[in-house]
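Worksheet for the structure shown next.
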Amino acid sequence: MAGVAPISAEDLRAALAPTVPWLAGEGEQPARAVLGAAVKTSARWLSQQVPGRSVELRVPPFVAVQCVPGPRHTRGTPPNVVETDAATWLRLAGGSISWAEAVAAGKVVASGNRADLSEHLPLRPLRGS
């Protein structure tokens with residue numbers, strides 16, 4: 001992520017704030033641009049806080065980032081992939097669902113021996129929010 005300005009905790013919270021009512025079942029789904037900004041900001045924050053290239057986090061159609069230290073992946077399908085939908089990712093990021101709950105419910109597909117992001121979720125600035 002060279003050349004990309006670091007995302008502050010305040011920017012992270014501000015990007016996710018418009019999605020909170022929807023995620024809690026108390027509001028309409030935000031506009032695609034708002035949802036996309038929340039997903040991209042939170043995924044990129046994770047990749048900045050847990051830098052590396054051993055795990056690819058995919059939240060289609062919005063973002064794919066690499067994170068977690070370890071063996072670097074360079075070609076083809078990465079050996080460690082985490083994929084989920086936008087709502088599940090934002091719930092994981094904010095702590096309204098645990099990693100174990102999301103995996104058990106089939107909301108997260110995680111393949112590879114490093115594809116467990118539970119120690120990094122919820123995202124630090126959002127813990128206890």
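Quick note: residue numbers are just sequence positions, from 1. Predicted model, so just to flag it, every value in this text is computed and none were measured.
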Set out, in order, the CA-CA distance, both residues' side-chain angles and the distance that settles side-chain contact (heavy atoms from CB on, under 4.5 Å) for L126 and R13, then state yes or no. CA-CA 7 Å; L126 305 175; R13 285 188 203 98; 3.8 Å; yes

Given R58 and V81, is the side-chain contact (heavy atoms from CB on, under 4.5 Å) satisfied, shown in steps? CA-CA 7 Å; R58 299 175 180 168; V81 176; 3.9 Å; yes

Go through the steps to decide whether L46 and W89 satisfy the test side-chain contact (heavy atoms from CB on, under 4.5 Å), and finish with yes or no. CA-CA 11 Å; L46 175 68; W89 168 247; 3.8 Å; yes

As a quick check of understanding, evaluate side-chain contact (heavy atoms from CB on, under 4.5 Å) for Q49 and R124, giving each step before the final call. CA-CA 9 Å; Q49 298 301 307; R124 204 174 17 207; 2.6 Å; yes

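In this structure, the side chain of Q66 does not engage the main chain of S54 through any donor-acceptor pair within 3.5 Å. Checked by atom type and distance alone, the side chain of S42 pairs as donor or acceptor with a backbone atom of V39 at under 3.5 Å. Under the 3.5 Å distance criterion, the side-chain polar atoms of R44 are left unmatched by any main-chain donor or acceptor of V65.
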Sequence neighbours excluded and cut-off under 3.5 Å, please list the side-chain donor-acceptor pairs for residues 102-114, or say none.
from	atom 1	to	atom 2	distance (Å)
R114	NH1	P69	O	3.0

Let me check something: any side-chain donor-acceptor pairs from residues 26-38 under 3.5 Å, sequence neighbours excluded? List them with distances.
none

Donor-acceptor contacts under 3.5 Å from residues 92-101 side chains, at least two apart:
from	atom 1	to	atom 2	distance (Å)
S98	OG	E101	N	3.0
S98	OG	E101	OE1	3.3
W99	NE1	D116	OD1	3.2
E101	OE1	S98	N	2.7

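Note that OG of S47 is 9.5 Å distant from CZ of R53, once rounded to the nearest 0.5 Å. T84 OG1 to L57 CG: the interatomic distance, rounded to the nearest 0.5 Å, is 8.5 Å. L123 CG to T41 OG1: the interatomic distance, rounded to the nearest 0.5 Å, is 11.0 Å. Between W45 atom CH2 and L12 atom CG the span is 6.5 Å, to the nearest 0.5 Å.
The side-chain contact (heavy atoms from CB on, under 4.5 Å) test with L90 singles out one residue from V59, V20, L23, and that residue is L23.
For the residue pair Q48 and P6, the shortest heavy atom distance occurs at OE1-CA, 3.4 Å. When all heavy atoms of R127 and P122 are compared, the pair lying nearest together is NE-O, 2.7 Å.
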